[in-house]
Amino acid sequence: MKRRTFLQGTLAAGAAGLAVSAGLLTPRMVMAEGGGAFDAKTLDDALKAMALTPEESKDITIKAPEIAENGAVVPVEITTTIADAKEISILVENNPTPLAATFILGEGATAGASTRIKMGKTSNVVAVVKAGDKAYSAKQEVKVTIGGCGG
Amino acid sequence: MSSIKLKAKVEGDTVEVKALITHPMETGQRKDKKTGELVPAHWIKEIIVSAGDKTVMTANWGASVSKNPYLAFNYKGKAGDKIKLSWTDSKGEKDSAEADAA
């Protein structure tokens, strides 16, 4: 039920929404049932799967270490002052599957989220904020000395 | 025992929700050092946090969120709000926890 509301709310305006309503894609294919954007192998493909073409913005703050000694646990905090921010995504450009997380801000949620992510090697961490029908991004490089993927 | 440690702290008119979840978050790309075989993927896909009857945060995750994941965010709320966090992983396992904002 919540997933349905979310799909209607966020995808209705985008191309993916058109595809859904035209019956070309089922919501399941679009959403993260282990598929879609979370399976994309490059940053560009992930953004395409999310139907986002973000423009760079200075109103997004990424709090992440410049050097991460342990790539298995890299703390990342994203905050933004962009009005009407609805979704915050964290992508790691050089990870095998760049999209790490998408946070959908609910009622009253302030525009920010913190988590910890894995990074295979030194990479840009990209934050994408969706507000209205626009998307904005910012990036910060995190140097990784010991990779967090693989043993 | 619950897999979730959930805290909700009131500061002024905002509530800071912090959660720590015990979960392996396997990507499916890591090899077992002893056997050399890939460890099957197993990660939390979705987290829903509600305060009372409002959903304040939905997180969709990929496998590159760290093991024993951490999540923190703020929302406009007050002391006494009933916070509930539930997660679902790639194997369909679920857990949830509740806490009062204080």
Side-chain angles (χ1 to χ4, degrees), chain A residues 1-3 5-6 10 31-40 46 50 68 70-79 86-92 94-120 123 125 147-151, chain B residues 11 13-21 25-39 41-78 81 86 88-92:
Chain A
M1 151 50 184
K2 273 166 189 155
R3 168 157 296 173
T5 322
F6 157 63
T10 58
M31 269 308 296
E33 286 294 335
F38 282 100
D39 279 346
M50 295 157 79
N70 182 356
V73 186
V74 183
V76 178
E77 180 181 354
I78 314 287
T79 50
K86 289 278 176 267
E87 273 181 51
I88 298 174
S89 296
I90 302 172
L91 297 99
V92 182
N94 291 343
N95 267 8
T97 52
L99 180 58
T102 297
F103 300 94
I104 301 154
L105 305 173
E107 212 174 313
T110 49
S114 319
T115 189
R116 297 195 288 233
I117 56 170
K118 287 178 268 200
M119 293 182 63
S123 171
V125 171
C149 300
Chain B
E11 272 182 39
D13 61 349
T14 60
V15 177
E16 185 184 35
V17 180
K18 283 185 182 175
L20 200 55
I21 303 168
M25 296 300 284
E26 285 293 349
T27 59
Q29 296 169 5
R30 188 176 71 91
K31 275 184 183 161
D32 187 307
K33 275 179 192 159
K34 282 179 196 153
T35 64
E37 284 177 19
L38 285 175
V39 179
H42 185 201
W43 75 94
I44 292 177
K45 284 183 146 174
E46 186 180 64
I47 292 179
I48 295 172
V49 185
S50 59
D53 54 2
K54 292 186 301 184
T55 300
V56 288
M57 169 67 77
T58 307
N60 292 313
W61 281 358
S64 49
V65 172
S66 299
K67 181 180 173 180
N68 298 335
Y70 170 75
L71 166 69
F73 67 95
N74 299 309
Y75 76 94
K76 299 267 176 223
K78 58 185 188 316
D81 282 0
S86 51
T88 308
D89 73 17
S90 57
K91 291 184 177 172

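A, B, ... follow the sequence lines: proteins, then strands. Residue 1 opens every chain.
- The choice from B:Met57, B:Met25, B:Lys67 that makes the most heavy-atom pairs within less than 4.5 Å of chain A is B:Met57.
- Between A:Phe38 and B:Asn60, some side-chain heavy-atom pair lies under the 4.5 Å cut-off.
- Atoms OG1 and CG, from A:Thr110 and B:Asn74 in turn, are 4.0 Å apart once rounded to the nearest 0.5 Å.
- For chain A, no part of B:Ala51 is nearby; none of its heavy atoms comes within less than 4.5 Å.
- Here the shortest heavy-atom pairing between A:Thr97 and B:Ser64 reads O-OG, 4.0 Å.
- Here the shortest heavy-atom pairing between A:Ala72 and B:Ser66 reads O-OG, 2.7 Å.
- The candidate with the highest count of non-hydrogen atom pairs below 4.5 Å against chain B, out of A:Ser89, A:Pro98, A:Ala100, is A:Ala100.
- Considering only heavy atoms from C-beta on, B:Gln29 stays 4.5 Å or farther from A:Asn95 through its side chain.
- With hydrogens and angles disregarded, no donor-acceptor distance shorter than 3.5 Å links the side chain of A:Thr115 to the backbone of B:Leu71.
- The contact between B:Asn68 and chain A is made entirely by backbone atoms, counting heavy-atom distances below 4.5 Å.
- For CG of B:Asp53, the number of neighbouring non-hydrogen atoms (other residues, nucleotides, ligands) closer than 6.0 Å is 12 at most.
- Residue A:Val92 does not touch chain B at all, counting heavy-atom pairs closer than 4.5 Å.
- In this structure, A:Leu105 and B:Phe73 have side chains that are not in contact, with every pair of non-hydrogen atoms separated by 4.5 Å or more.
- Within the 3.5 Å criterion, the main-chain N or O of A:Gly108 finds no donor-acceptor partner in the side chain of B:Lys54.
- Contact of B:Ile44 with chain A is not made at all, since no heavy-atom distance falls under 4.5 Å.
- Screening residues 94-107 of chain A for salt bridge (Lys or Arg N to Asp or Glu O under 4.0 Å) gives no qualifying pairs among residues at least two apart or on separate chains.
- Within the 3.5 Å criterion, the main-chain N or O of A:Gly106 finds no donor-acceptor partner in the side chain of B:Thr55.
- Of all heavy-atom pairs between A:Ala109 and B:Val56, the closest is CB-O, 3.3 Å.
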